Amino acid sequence: MDVLAILIGAIGLFLALNARKGLAALEQKLEGYAAKVQLLADEVARLRAQGQAQTAPDVPDAAREAPMEASPAPPVAPVQDTLSPAEEPTPAAEPATTPPAPISASLEERLGTRWAVWVGGLALALGGLLLVRYSIEQGVFGPGVRVVLGGLFALILVAAGEWFRRTERKLPVEAIPTAHVPSILTAAGTVTAFATVYAAHALYGFIGPAGAFVLLGIIGVATMLAAALHGPALAGLGLAGSFVVPLLVSSQSPNPWPLVVYLIAVAAAGYALARLRRWLWLAASVVAGAFLWGAAMLGQAAGDTAGGWAQALFVHVGVQLALAAAFMALEPHLSTSDDEAAPDWIASAA
């Protein structure tokens with residue numbers, strides 16, 4: 001079933017990519033036809049304007065050639081009033097300036113491209129998670145080979161996502177922006193990398209708690225930084241994975257200080273990405289994660305007689321407040337003058 005899930009995911013991605021190419025070519029043709037229709041509409045409007053400009057001066061001339069009778073002639077009405085309803089000028093500029101109606105995505109497009117891409121990426125992620133488990137049940141490879149295969153599979157997915165991202169830059173249009181293949185492949189590779197490192201630590205003991213903590217943290221932060229290229233969904237995945245990492249690694253003698261330093265690094269990376277891409281939701285999520293970890297450290301400090309957790313909690317709160325104030329309250333408003341200043345309630349709440 002695990003191999004079948006991987007095959008189904010690969011087939012779904014292949015079909016979705018072919019559909020994307022066909023939709024991109026079709027959209028290019030439609031844009032060309034729309035440009036031609038626009039040119040014709042502009043030409044018709046120009047010809048109408050020229051015809052009206054040529055016929056309009058004839059009306060005053062006819063009025064001048066009217067015979068002068070003894071009785072005073074009534075005042076000549078303005079030209080626009082003497083024209084018959086059939087001769088009234090029609091607004092010719094409206095068809096030229098009216099933008100074409102956007103083409104809505106059909107049901108076949110949604111089912112055949114967007115959902116196929118998402119389901120294929122989910123199948124690849126599940127296949128990466130179950131790859132190590134499948135090899136354990138079958139007994140085909142040793143533990144070391146299983147971990148290496150999981151890591152290679154994660155690297156292949158991430159490399160494929162980067163390759164698709166670079167090749168998609170050359171396309172003039174993006175057919176399906178809501179089902180971005182590069183970000184899905186990168187997310188599947190990230191999930192596989194998390195699972196591989198965790199299996200190497202928890203199942204086989206190849207990596208100690210410190211090594212697993214560092215590797216998982218690097219993967220989470222790297223995923224957030226890659227979201228600057230691949231989109232907000234990957235940023236949410238990386239941030240969630242980064243905050244869950246300390247829960248995945250257990251130690252016989254837990255030390256609060258590596259946790260504090262790790263949370264500072266995660267928060268700084270999250271705030272930097274949020275300011276770079278102007279994602280307020282990401283900055284708010286960093287604040288929420290830091291607050292929840294502070295509450296967890298408060299529970300540990302309540303039962304710690306030595307006071308180490310209390311000191312670490314004090315440093316955690318102070319540094320996280322400083323980061324939130326710098327990235328959410330100070331830096332975004334440096335260019336705001338005193339006359340234009342207004343309270344920022346989101347930054348105040350953070």
Side-chain angles (χ1 to χ4, degrees), residues 128-129 131-133 135-136 141-155 157-158 186-187 189-227 234-235 237-273 285-286 289-320 322-323:
L129 291 174
L131 181 62
V132 177
R133 178 176 175 270
S135 62
I136 293 174
F141 305 112
V145 179
R146 299 166 189 168
V147 174
V148 171
L149 287 178
L152 287 177
F153 186 62
L155 290 176
L157 291 177
V158 174
T186 306
T190 300
V191 174
T192 304
F194 271 114
T196 302
V197 174
Y198 180 72
H201 164 67
L203 298 180
Y204 304 119
F206 290 157
I207 306 175
F213 186 79
V214 172
L215 287 177
L216 291 174
I218 290 174
I219 294 172
V221 174
T223 303
M224 274 196 300
L225 296 180
L234 196 62
L237 177 63
L239 183 64
S242 299
F243 279 130
V244 173
V245 160
L247 299 177
L248 300 178
V249 181
S250 60
S251 176
Q252 298 296 331
S253 56
N255 188 358
W257 294 109
L259 176 62
V260 172
V261 175
Y262 171 77
L263 292 176
I264 292 173
V266 170
Y271 285 131
L273 179 60
S285 300
V286 174
F291 176 81
L292 292 178
W293 269 110
M297 294 173 64
L298 181 62
Q300 291 289 336
D304 183 20
T305 56
W309 281 93
Q311 296 176 2
L313 175 62
F314 181 79
V315 173
H316 169 76
V317 172
V319 175
Q320 292 295 336
L323 289 174

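Being a predicted model, the structure only gives us computed values, none of them experimental. Start at 1 with the first residue, then count along the sequence. Values below: all heavy atoms of this structure, side chains included; hydrogens, waters and symmetry mates excluded.
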Original post:
So, does His201 use its side chain to make a donor-acceptor pair with the main chain of Ile207 at under 3.5 Å?
Top reply: yes
Subject >> Set of residues satisfying side chain to side chain contact (heavy atoms under 4.5 Å, CB included) with respect to Ala235, sequence neighbours excluded >> reply: Ala227, Leu273, Trp279, Trp281, Leu282
Subject >> Taking every non-hydrogen atom, the tightest pair across Gly189 and Ala154 >> reply: O-CB, 3.4 Å
Original post:
What residues form a side chain to side chain contact (heavy atoms under 4.5 Å, CB included) with Ile264, not counting sequence neighbours?
Top reply: Val260, Val319, Gln320, Leu323
Original post:
Quick one: side chain to side chain contact (heavy atoms under 4.5 Å, CB included) partners of Tyr198, sequence neighbours excluded?
Top reply: Ala202, Leu248
Original post:
Just by modelled atom types, is the Phe291 backbone N or O under 3.5 Å from a matching donor or acceptor in the His316 side chain?
Top reply: no
Subject >> Heavy-atom side-chain proximity of Val191 to Leu237 below 4.5 angstrom >> reply: yes
Subject >> Distance (rounded to the nearest 0.5 Å) between Leu225 CG and Leu234 CG >> reply: 10.0 Å
Subject >> Partner residues of Phe314 under the ring-ring contact (aromatic ring centres under 6.0 Å, His included) criterion, sequence neighbours left out >> reply: none
Subject >> With Pro256 via side chain to side chain contact (heavy atoms under 4.5 Å, CB included) - residues at least two apart >> reply: Trp309, Ala312
Original post:
So do Val266 and Leu239 actually touch side chain to side chain, heavy atoms under 4.5 Å?
Top reply: yes
Original post:
Should Phe153 and Thr196 count as side-chain neighbours, where that means a heavy-atom distance under 4.5 Å?
Top reply: no
Subject >> Contact summary for Met224 and Gly238, nearest pair of heavy atoms >> reply: CG-C, 3.7 Å
**OP:** Please lay out, stage by stage, how Phe243 and Leu263 fare under the test side chain to side chain contact (heavy atoms under 4.5 Å, CB included).
**Re:** CA-CA 8 Å; Phe243 279 130; Leu263 292 176; 4.0 Å; yes
**OP:** Could you list the residues that satisfy ring-ring contact (aromatic ring centres under 6.0 Å, His included) with Tyr262, not counting sequence neighbours?
**Re:** Phe213
Subject >> Nearest atoms (heavy-atom pairs only) where Ala310 meets Ala301 >> reply: N-CB, 3.7 Å
Original post:
Please walk me through it: do Val244 and Phe194 pass side chain to side chain contact (heavy atoms under 4.5 Å, CB included)?
Top reply: CA-CA 11 Å; Val244 173; Phe194 271 114; over 6 Å; no
Subject >> Heavy-atom closest pair, residues Gly294 and Leu313 >> reply: O-CD1, 3.5 Å
**OP:** Report yes if some heavy atom in the side chain of Met297 is under 4.5 Å from a heavy atom in the side chain of Val317; otherwise report no.
**Re:** no
